[in-house]
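Have a look at the structure below before the remarks.
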2 protein chains.
Amino acid sequence: MSPAEQPQPRSTADVRRPTLNAVDVRRPTLNAVAARAGVGRGTVSRVINGSPKVSDRSRAAVERAIAELGYVPDRVARSLATRRTDTVALVVPDAENRLFSEPYFSGIIRGVSAGLTGAGMQLLLVLTGDAWERDRLAGYLAAQRVDGVLMMAVHGDDTLPDRLEELAVPTVLAGRRGDREGLGHVRADNRGGARLAVRHLLAAGRRSVATITGPLDMDVARARLDGYREALREAGLTVEEDLVAQGDFTEEGGRAAMGELLRRRPDLDAVFAASDVMASGAVPALRTAGRRVPGDVALIGFDDSVVARHIDPPLTSVRQPLEEMGRAMAALLLEEIAQRGSGKRGVVLPTELVVRESA
Amino acid sequence: MSPAEQPQPRSTADVRRPTLNAVDVRRPTLNAVAARAGVGRGTVSRVINGSPKVSDRSRAAVERAIAELGYVPDRVARSLATRRTDTVALVVPDAENRLFSEPYFSGIIRGVSAGLTGAGMQLLLVLTGDAWERDRLAGYLAAQRVDGVLMMAVHGDDTLPDRLEELAVPTVLAGRRGDREGLGHVRADNRGGARLAVRHLLAAGRRSVATITGPLDMDVARARLDGYREALREAGLTVEEDLVAQGDFTEEGGRAAMGELLRRRPDLDAVFAASDVMASGAVPALRTAGRRVPGDVALIGFDDSVVARHIDPPLTSVRQPLEEMGRAMAALLLEEIAQRGSGKRGVVLPTELVVRESA
DNA sequence: ATGCCGCGTGGGAGCGGTCCCACGGGGTGA
DNA sequence: TCACCCCGTGGGACCGCTCCCACGCGGCAT
């Protein structure tokens, strides 16, 4: 059960497989193309890679041969020679159910995919399970020779990014671990988004605005809380700590936090929840306490997720530009791959308030 | 814009990249291990692959050397030699927003991932865009030398699976194209699930049970409609065609179909929608018509998706064993890879009725 | 005319594994 | 004692590309 003392190869993966009866459908090789075109291998390689140092005659001959043979270069062989795989791993913690069912993951992933395939790169999806597996991951990724790694949902104490850095594997994170993240990362303007939400509540005349935060060891959660505070200060209000309750980004956590807030401050007239899911937990808690939404208490969430549209009442929420975030991650990673060090920036993308009926 | 006449290589992907400044962190090679252990390369290879024909002395020496050097075999080099990549591509049509935001995709993918990594295989995620891209895909996948392909959301007229079969690439589908799918595939017992739903409605005393179907060129949609019919016949009722309206698996489609049904049969007292999303569209249509759910009209959906839990009232729905389906797909594909032909079966997994408040 | 430069060009030498053939040595049977 | 086996073992020959060096050839300056 416990990991072996030595990092000995795990047998499951390495045991020789029984006679893979590979139906050997061999595709034409670069050699075949060279022969057919009556040129050397070098020339074919040059044509394929778009080198300018090829005569028009040779190039034409090669291109014809390629077309006739239906040749497609073998990426594996190329990778072995170039020490480059044109492959990027997307690492997602398996535990984060949340990520999958929300548009968060899907939006980012399609942005990533678009940005990557446009550059001829492919995406390796890696769901990591337990901590041990995650520990092995760095070596594993190095063995894959992936050109880079994208990581979602990194926690503050996650060491994987550091280990990747040691191994000189270009890495870009979705979100950051702390406020001075050393690695390249892309995130939404969480603070600004929270500010938008709270301003909206204040503009509607609400005066006792509470907030349900995420776990405060997460940067997103802190940033959204900061935004909440800033908006209050902007308006000349003082931040009252008993209007702040901590949740954990789950529905149940939202319910509990809402109950707590109502107990502490029966006079509250608005709530900014740091996620839609927590907001969806807050709604029944409010109902139980006999408060109408938005009549008695206005409510705003964050993420603009599926539940926001289907909850009753439809939830006003802060939207993150997910697909763009994915695109930005891809771009940043490609930069870093092309030139080390150049992609180690933090990119912040603007958020937007989507007004529905809850506030 | 239009595809070139000849399959000439697309430049974007093939242009030589500018001096990849690969920080050459070379990992130890099998050769290094052999030298250190004082044995030949062949012996190291045998140890790694768990061959029994190695003396205990050699094995121990090699294992020590591996541990000391932190050696991890290079998959790329191995692939080149074995003509096997231990990689499987998961092909998902990019257009299917639906897939991503619903637990459908996420459930299946994690099952797939679990089943695959357990066997030491990795997952290449391929989102396909337009038809042209999809056309190129077969060749592309062959060039990747993926060991197999998993496809989600195949339409009846999709030719990609056939082309993969021509190329002798093991393939497994999520769902089937028609009722005699030639390829290996895994699906939920859609008919049975629909039957469960309709039986539940009938058992509750409903007598005019309508249904909102999916697009009937899709096998899932037909299967669910069949189940609806069967349940009615079982109960000795005749299937009335004006109680059947076609939707398209979208919310808006559900709304329209519901409107249509109410117009045709104001007396209906129950609806089985072939997806939760369509059911979520049906709800407002019912409200508009002044019907209470479930008071006047009972409603059941399919998929047990996120919206089912958050809609008002919470939706009774049919759940598919998504993770198991993913696992089954992985298993089937591994079978097919190990022995061609053995994995070309159809696996059907049972569904389950999740009773909430709408029926 | 001779030298020199530079442009294509061919092809050897890897990249890091696997596969398999041939070989040495100890045990067995005649 | 000698032939015969069989078990481990070493290492050459690939897998299909890229990289780069060296070479031939035509054109220009001397």
Side-chain angles (χ1 to χ4, degrees), chain A residues 9 13-20 22 24-35 37-62 66 69 71-86 142-145, chain B residues 9 13-20 22 24-35 37-62 66 69 71-86 142-145:
Chain A
D14 288 329
V15 160
R16 186 167 305 208
R17 289 205 178 58
T19 51
L20 169 78
D24 231 321
V25 196
R26 302 237 172 168
R27 296 177 299 110
T29 71
L30 175 142
N31 241 315
V33 174
V39 300
R41 297 179 354 260
T43 302
V44 177
S45 177
R46 264 160 273 184
V47 170
I48 292 173
N49 293 296
S51 157
K53 343 193 67 181
V54 183
S55 68
D56 291 344
R57 226 171 55 76
S58 300
R59 165 166 289 115
V62 169
I66 287 180
L69 266 48
Y71 169 74
V72 185
D74 185 321
R75 287 185 91 136
V76 174
R78 185 188 293 211
S79 292
L80 184 58
T82 55
R83 311 190 53 73
R84 204 203 319 134
T85 52
D86 289 352
Q144 305 310 304
R145 282 202 188 159
Chain B
D14 288 329
V15 160
R16 185 167 307 206
R17 288 202 179 60
T19 51
L20 169 78
D24 231 321
V25 194
R26 302 234 172 170
R27 297 177 300 110
T29 70
L30 175 142
N31 243 312
V33 174
V39 301
R41 298 181 351 261
T43 302
V44 177
S45 177
R46 266 165 291 218
V47 170
I48 292 173
N49 293 297
S51 156
K53 342 192 70 183
V54 183
S55 67
D56 291 345
R57 227 171 55 78
S58 300
R59 165 165 291 115
V62 169
I66 288 180
L69 266 48
Y71 169 75
V72 185
D74 186 318
R75 287 185 90 136
V76 174
R78 184 186 288 200
S79 292
L80 184 58
T82 55
R83 312 190 52 72
R84 203 205 318 136
T85 53
D86 289 351
Q144 303 310 303
R145 282 197 185 166

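What you see is a predicted model; the values in this text were computed from it and never measured. Residue numbers start from 1 in every chain, and the chains themselves are labelled A, B, ... in the order their sequence lines are given, proteins ahead of strands.
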Please give, in whole Å, the distance from [N] [atom2] to [X] [atom1]?
X	N	atom1	atom2	value
B/Leu69	C/dG16	CG	C1'	15 Å
B/Asp86	C/dG17	CG	P	15 Å
B/Ile48	C/dC19	CD1	P	12 Å
B/Gln144	D/dC15	CD	C1'	17 Å
A/Arg84	C/dG16	CZ	C1'	18 Å
B/Arg83	C/dG16	CZ	P	21 Å
A/Leu80	D/dG16	CG	C1'	9 Å

Exercise for the section: Would you name the heavy atoms of A/Ile66 and A/Val33 that are closest together and state the gap between them? Expected result: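 Taking every non-hydrogen atom into account, CG1-CG1, 3.8 Å.
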Exercise for the section: For residues B/Thr29 and B/Tyr71, report the shortest heavy-atom separation together with the two atoms involved. Expected result: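 Minimum heavy-atom separation between B/Thr29 and B/Tyr71: C-CE1, 3.5 Å.
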[X] side, atom [atom1]; [Y] side, atom [atom2] - distance, nearest 0.5 Å:
X	Y	atom1	atom2	result
B/Gln144	A/Thr85	CD	OG1	10.5 Å
B/Arg59	B/Asp56	CZ	CG	6.5 Å
B/Leu69	B/Arg27	CG	CZ	12.0 Å
B/Asn49	B/Arg78	CG	CZ	5.0 Å

Handout entry: Sidechain-backbone polar pair: A/Ser45 side chain, A/Arg41 backbone, donor-acceptor under 3.5 Å
Key =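 Answer holds: no.
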Handout entry: Under 3.5 Å: donor-acceptor pair, side chain of A/Arg46, backbone of A/Gly42
Key =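 Indeed, once roles are kept as given, a pair shorter than 3.5 Å links the two residues.
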Practice task
Work out how much the helix from C/dA1-D/dT30 to C/dA30-D/dT1 bends between its end axes, five pairs an end, to the nearest 10 degrees.
Solution key: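 Inter-axis angle at the ends, rounded: 50°.
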Measuring to OP1 and OP2 of [N], would you say a side-chain N or O of [X] lies under 4.0 angstrom away?
X	N	result
B/Arg78	C/dT18	yes
B/Arg27	C/dG16	no
B/Ser45	C/dG17	no
B/Asn31	C/dG17	no
B/Arg75	C/dG16	no

Completion exercise
In B/S/- notation (B base, S sugar-phosphate only, - none; protein heavy atoms under 4.0 Å), nucleotides 4-12 of chain D written 5' to 3' is ----SBBBB
Exercise for the section: Compare the minimum distances between each of D/dG16, C/dG16, C/dT18 and the side chain of A/Ala77, then state the nucleotide with the smallest one. Expected result: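 Between D/dG16, C/dG16, C/dT18, the one nearest the side chain of A/Ala77 would be D/dG16.
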Practice task
Could you list the residues that satisfy side-chain hydrogen bond (donor to acceptor under 3.5 Å, both in side chains) with A/Ser58, not counting sequence neighbours?
Solution key: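 Here the qualifying residues are A/Ser55.
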